[in-house]
Amino acid sequence: MDYKPNNQNQEPQNGSGGNGPKNKQTLLLILICLLVGLMFMGLLNNALGGVSSENISYNEFMDLVKAGKVEEVVLQSGNLTVTPKEQNEPGVIRTYQLTLMGDEQELVDLLSENGVKFHKEPPDSTGSILYAILTVLLPIVLLVGAMVWLMRSMNKGGGVMGVGKSKAKTYVQKETGVTFRDVAGQDEAKESLQEVVDFLHNPGKYTTIGAKLPKGALLVGPPGTGKTLLAKAVAGEAHVPFFSLSASEFVEMFVGVGASRVRDLFEEAKKNAPCIIFIDEIDAIGKTRDSNFSGNDEREQTLNQLLAEMDGFDTSKGVLILAATNRPEILDPALLRPGRFDRRIIVERPDLKGRVEILKVHAKNVSLDETVDLDGIALATSGAVGSDLANMINEAAILAVKNGRKAVSQKDLLEAVEVVLVGKEKKDRILSQEERRIVSYHEVGHALVTALQKDSEPVQKITIVPRTMGALGYVMQVPEEEKFLNTKTELDAMIVECLAGRAAEELVFGNVTTGASNDIEKATKIVRAMITQYGMSEKFGLMGLATQENKYLDGRMVLNCGDATATEIDHEVMRVLKEAYETAKELLAKNRDAMDRIAAYLIQKETITGKEFMEIYHQVLQERTAGTAGEPAEVLA
Ligand code: ADP
């Protein structure tokens with residue numbers, strides 16, 4: 001286990017402004033406390049005067065006088081201050097204090113007999129007032145002053161007293177500098193937003209006819225598809241300021257704070273109209289309110305305030321609200337009714353053409369060499385979103401620099417695709433010979449079954465170099481063209497492919513490993529979807545047995561059938577998987593010679609291309625027809 005010193009993960013206490021102001025405040029506070037303490041103890045008073053005073057008894061005083069040790073006595077308001085002749089400490093006058101006892105005249109006589117100087121002073125009213133001020137009033141004034149100062153400085157820094165303030169100002173951009181040209185693909189979304197841009201540009205054109213523009217538009221789609229980018233592009237095209245805020249920032253632990261932030265944000269935006277307010281992840285506050293579970297007061301208040309603000313402003317001023325979410329189904333219906341977020345703009349995962357365009361946009365400022373074929377990369381990245389593709393181009397550029405090249409090649413791009421999809425090569429993970437053999441047969445099992453079934457996609461590459469995301473080896477497949485539909489035969493082939501790795505292990509080693517968990521999960525998911533969603537099961541026919549939740553996130557399925565049916569579904573899934581596994585084993589057993597040959601080659605090379613794979617396979621086929629096959633190739637032991 002890693003050892004971490006306790007303080008290693010601590011965040012700085014004052015994230016925004018560093019430690020300077022906080023330290024100063026603490027220092028000042030300590031100083032004030034010290035000062036107040038000193039005053040209360042009366043020490044300051046004495047120290048200022050350079051006088052050290054001590055109480056003595058009347059008898060001791062008499063003895064001192066009689067011994068001729070007293071220099072002077074001062075009487076004031078019944079108190080005697082005695083200054084002795086002997087002064088030991090330089091710079092400090094030592095005196096004694098006592099109260100007058102007996103007759104004053106007697107004392108005066110005694111003192112004059114012993115040659116002691118004597119004064120009588122009128123009662124000191126100024127001294128006592130000053131003393132009172134110093135000990136009582138001043139500390140109070142200082143304390144109040146310190147508190148006022150502290151509150152003010154907290155307010156400035158957005159501390160406790162500043163919670164209700166919107167943070168929108170921090171995110172406001174006068175010009176985003178992003179235009180529709182920076183958003184590749186997403187043509188339908190851009191088209192819907194074009195009229196909004198036009199309106200912000202020239203509101204008069206619409207208002208003279210009496211047309212009202214939507215107050216808000218909701219951008220819906222999976223993460224990374226460019227929703228924020230589109231919102232920025234609208235602001236950039238219209239040349240208006242862009243206020244951006246994540247919905248989760250409205251809600252803090254204090255009830256009422258979110259509502260006041262919403263108010264603040266709209267006020268600020270109205271002052272800057274025409275402008276765009278962009279609320280990211282609106283589901284954080286816009287969740288439907290009718291849930292029976294314990295309500296979240298703060299969130300509801302914030303949502304109510306948002307609804308009220310949206311109703312309250314006049315679109316002719318040119319304030320447009322854009323919001324983004326990837327969970328539209330959980331939003332409160334009140335948010336979606338006409339007059340609020342009445343437009344819904346779907347920002348889907350890009351298709352092949354869209355991916356090529358996105359790659360082009362991001363490759364614009366990257367030097368590419370002549371080998372680069374962005375269409376090929378787009379084909380290999382089915383399902384990737386804009387942010388993945390941007391990331392891939394950047395990874396490829398970094399790889400090229402790392403290898404000391406001046407331009408990015410196709411090889412860099414393909415490697416970057418793998419880095420984003422399965423992680424970096426993990427060269428320090430050394431597999432034992434036996435494990436290499438197992439992984440190798442497992443991967444060749446997948447690839448061979450893929451090649452043997454004509455309804456599956458061709459293999460691009462097989463590797464047994466472990467990757468950082470956990471894979472010990474994998475087969476990369478690239479479709480010949482993008483598909484939007486899958487036939488039942490294709491899905492059946494996919495299931496057999498998924499299970500072929502495990503089948504190879506069992507066939508060759510007579511034992512199985514933990515390496516197939518991911519394949520099993522994938523195969524089960526496909527079978528389940530075929531039965532419950534696609535109506536591809538003979539047993540259940542066309543009955544819809546599940547509904548999808550979170551379409552844009554994990555696409556989780558929820559069964560909507562009785563318990564008995566759910567059990568039957570499980571049995572059916574089991575049966576289909578078992579059959580597919582048998583098919584995989586059968587296919588591999590029939591082609592054991594090819595599997596052995598390719599696996600041996602893979603163990604040596606670690607990574608082979610689809611072309612090399614096919615060459616060996618065809619060679620084995622030729623040998624088979626020529627009758628020379630039959631002896632399995634030697635496999636590294
Ligand atoms: P979302 O808000 O949908 O989660 P973002 O708008 O934040 O996604 O996108 C993240 C990044 O991905 C962008 O900054 C951009 O670099 C890239 N990107 C996403 N979609 C596109 C696209 N259609 N065209 C160009 N770049 C894109």
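One-based numbering, in listed order, for ligands and for the atoms of each.
A donor-acceptor contact closer than 3.5 angstrom links the side chains of Thr609 and Glu612. A side-chain N or O of Ser409 and one of Asp412 form a donor-acceptor pair less than 3.5 Å apart.
Residue Asp182 approaches ligand 1 through these ligand atoms, each under 4.0 Å from one of its heavy atoms: 24 (N), 25 (C). Those atoms of ligand 1 that come under 4.0 Å of a heavy atom in Ile358, given as number and element, are 22 (C), 23 (N), 24 (N). Listed by number with element, the atoms of ligand 1 under 4.0 angstrom from any heavy atom of Ala184 are 22 (C), 23 (N), 24 (N), 25 (C). Taking every heavy atom of Val183 and a limit of under 4.0 angstrom, the matching atoms of ligand 1 come to 23 (N), 24 (N).
Inclusion of Gln186 in the set of residues having an N or O under 3.5 Å from an N or O of ligand 1 is not warranted.
In summary, Lys353 and Glu357 engage in a salt bridge, as defined by a charged side-chain N under 4.0 Å from a carboxylate O.
Counting only heavy atoms of the protein, atom 4 (O) of ligand 1 lies nearest to Gly224 N, 2.8 Å.
Residue Val385 places every heavy atom at 4.0 Å or more from ligand 1. Residue contacts with ligand 1 leave out Gly185, since none of its heavy atoms falls under 4.0 Å from the ligand. By the 4.0 Å heavy-atom criterion, Lys232 is excluded from the residues contacting ligand 1. Using a 4.0 Å cutoff on heavy atoms, Pro223 counts as a contact of ligand 1.
Distances from atom 14 (O) of ligand 1 to the heavy atoms of Thr228, Ile393, Leu229, Thr225 show the closest one on Leu229.
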